[in-house]
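Below is one structure, written out as structure tokens; the observations come after it.
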Amino acid sequence: MIARRYAVFGLDIASQIELPDLAPGTDAPADVTIRLGTVDSDARGPGLDVQGDMAVLVVPDVARFCIAAGRDMTVEPAPGAAMRDVRLYVLGSAMGAVLHQRGLLPLHANAVGIGNGTVALLGHSGAGKSTLAGWFHDRGHRVLSDDVCVVDPDGRVAPGIPRLRLWRDALEASGRDPGDHAVSYAGADKFDVPIAATEDQPLPLRAIYLLGRAEPTTITPLTGAHAVAALVANTYRGSYVRAAGLAGRHLAACTDLARRVPVFAFDRRWDQACIDADAAVLVAHAQGLAAR
């Protein structure tokens with residue numbers, strides 16, 4: 001089977017599985033190769049089993065994945081599994097293992113371009129990352145990544161998957177019709193909104209904002225252990241770090257990033273009627289940092 005070429009998170013991907021959500025890649029040597037095949041492992045799952053530089057992820061009724069040395073991913077779909085569900089995990093948990101194996105730092109964050117750099121909107125699922133990223137996108141800002149923001153050792157963010165995933169209320173508030181968009185995954189009230197891939201090069205990370213809920217809207221610096229803890233707690237697929245015994249390396253990466261890039265708590269009202277005013281506070285703050 002001929003491998004298709006894609007690009008995501010600064011990596012060139014050669015894949016035997018079609019990944020239509022990704023931007024097209026180049027003919028450069030592949031950083032990561034994704035193959036269909038048999039996963040030869042005793043791991044029964046569900047979940048992740050890590051042995052050295054190899055990880056096996058078992059998702060019942062979907063697929064078994066073997067990720068090795070941050071370079072190779074073998075995918076064994078379950079009988080009758082929908083390829084849409086398989087792709088969800090290829091680009092989700094399995095790719096998270098790839099990123100950790102390669103020594104990159106994937107944050108549970110959206111990356112939005114402001115000025116000549118980017119800011120990361122950090123937070124757990126449901127914290128409003130994609131809602132805010134959609135607001136920025138609809139007002140002409142670049143959205144480099146949605147849900148997963150990958151930071152390289154130089155403190156730069158590479159473009160991620162060129163789409164937004166919006167909850168129904170955020171989708172409708174933006175003027176979009178849910179009937180025009182595919183559901184993100186089975187059983188979700190969340191929808192995929194394709195966006196233009198406006199960047200193909202990494203951008204420097206200028207600031208990180210941990211999203212929270214409060215009234216009135218405030219932006220407060222997080223320093224020292226508080227900043228590091230925010231990054232550790234909001235690392236994408238952080239369970240891999242623990243399973244692979246990489247906690248020390250991961251803590252060092254988060255500590256280094258917190259020293260180089262300012263981290264703030266951005267507490268705002270969770271009300272669609274207030275999003276214009278609240279997002280404007282964030283824009284003004286980020287632009288003020290860029291002007292220093």
So does [Y] get a backbone contact from the side chain of [X], meaning a donor-acceptor N/O pair under 3.5 Å?
{"X": "R102", "Y": "G70", "result": "yes"}
{"X": "E76", "Y": "R64", "result": "no"}
{"X": "Q101", "Y": "D53", "result": "yes"}
{"X": "R5", "Y": "A28", "result": "yes"}
{"X": "D152", "Y": "D154", "result": "yes"}

Joint hydrophobic cluster, [X] plus [Y], side-chain heavy atoms closer than 4.5 Å:
{"X": "L22", "Y": "V148", "value": "yes"}
{"X": "V283", "Y": "L121", "value": "yes"}
{"X": "L36", "Y": "M54", "value": "no"}
{"X": "L88", "Y": "V58", "value": "no"}
{"X": "L251", "Y": "L246", "value": "no"}

Check whether any side-chain heavy atom of [X] sits under 4.5 Å from a side-chain heavy atom of [Y], and report yes or no.
{"X": "P153", "Y": "L104", "result": "yes"}
{"X": "D12", "Y": "P29", "result": "no"}
{"X": "D146", "Y": "I195", "result": "no"}
{"X": "R87", "Y": "P20", "result": "yes"}
{"X": "M83", "Y": "I17", "result": "yes"}
{"X": "D42", "Y": "D49", "result": "no"}
{"X": "H108", "Y": "K129", "result": "yes"}
{"X": "L19", "Y": "V8", "result": "no"}

Only one of V39, T74, V90 passes side-chain contact (heavy atoms from CB on, under 4.5 Å) with F65, and that residue is V90
Heavy-atom closest contact ([X] atom, [Y] atom, distance):
{"X": "N110", "Y": "A133", "answer": "ND2-CB, 3.3 Å"}
{"X": "G212", "Y": "D267", "answer": "CA-OD1, 3.3 Å"}
{"X": "C254", "Y": "L231", "answer": "O-CD1, 3.4 Å"}
{"X": "L205", "Y": "A120", "answer": "CD1-N, 3.8 Å"}
{"X": "R176", "Y": "D138", "answer": "NH2-OD1, 2.7 Å"}
{"X": "G128", "Y": "R268", "answer": "CA-NH2, 3.7 Å"}

Test side chain to side chain contact (heavy atoms under 4.5 Å, CB included) applied to E172 and L166, step by step
CA-CA 9 Å; E172 292 176 339; L166 299 179; over 6 Å; no
What distance separates [X] [atom1] from [Y] [atom2], expressed to the nearest 0.5 Å?
{"X": "R163", "Y": "S130", "atom1": "CZ", "atom2": "OG", "result": "8.0 Å"}
{"X": "M95", "Y": "Y236", "atom1": "CE", "atom2": "OH", "result": "9.5 Å"}
{"X": "I67", "Y": "Y240", "atom1": "CD1", "atom2": "OH", "result": "8.0 Å"}
{"X": "K190", "Y": "D169", "atom1": "NZ", "atom2": "CG", "result": "11.0 Å"}
{"X": "D147", "Y": "S125", "atom1": "CG", "atom2": "OG", "result": "6.0 Å"}
{"X": "C274", "Y": "E215", "atom1": "SG", "atom2": "CD", "result": "7.0 Å"}

Taking 4.0 angstrom as the limit, do D278 and R269 come out as a salt bridge?
yes
For the pair D276 and R139, find out whether any cationic side-chain nitrogen is under 4.0 Å from an anionic carboxylate oxygen.
yes
Can you check side chain to side chain contact (heavy atoms under 4.5 Å, CB included) on T235 and L107, steps first, answer last?
CA-CA 4 Å; T235 294; L107 297 176; 4.2 Å; yes
Tell me whether the rings of H141 and F136 are parallel (<30°), tilted (30 to 60°) or perpendicular (>60°).
perpendicular
Taking the inter-plane angle between the rings of Y209 and F264 on a 0 to 90° scale, is it parallel (under 30°), tilted (30 to 60°) or perpendicular (over 60°)?
parallel
Chi angles and distances behind the side chain to side chain contact (heavy atoms under 4.5 Å, CB included) call for I114, R206:
CA-CA 9 Å; I114 295 180; R206 303 299 191 195; over 6 Å; no
For the CG atom on D27, are there more than 12 heavy atoms of other groups (residues, nucleotides or ligands in this structure) within a distance under 6.0 Å?
no
So D72 and R35, side chain to side chain contact (heavy atoms under 4.5 Å, CB included) or not? Walk me through it.
CA-CA 8 Å; D72 295 290; R35 301 180 177 88; 2.9 Å; yes
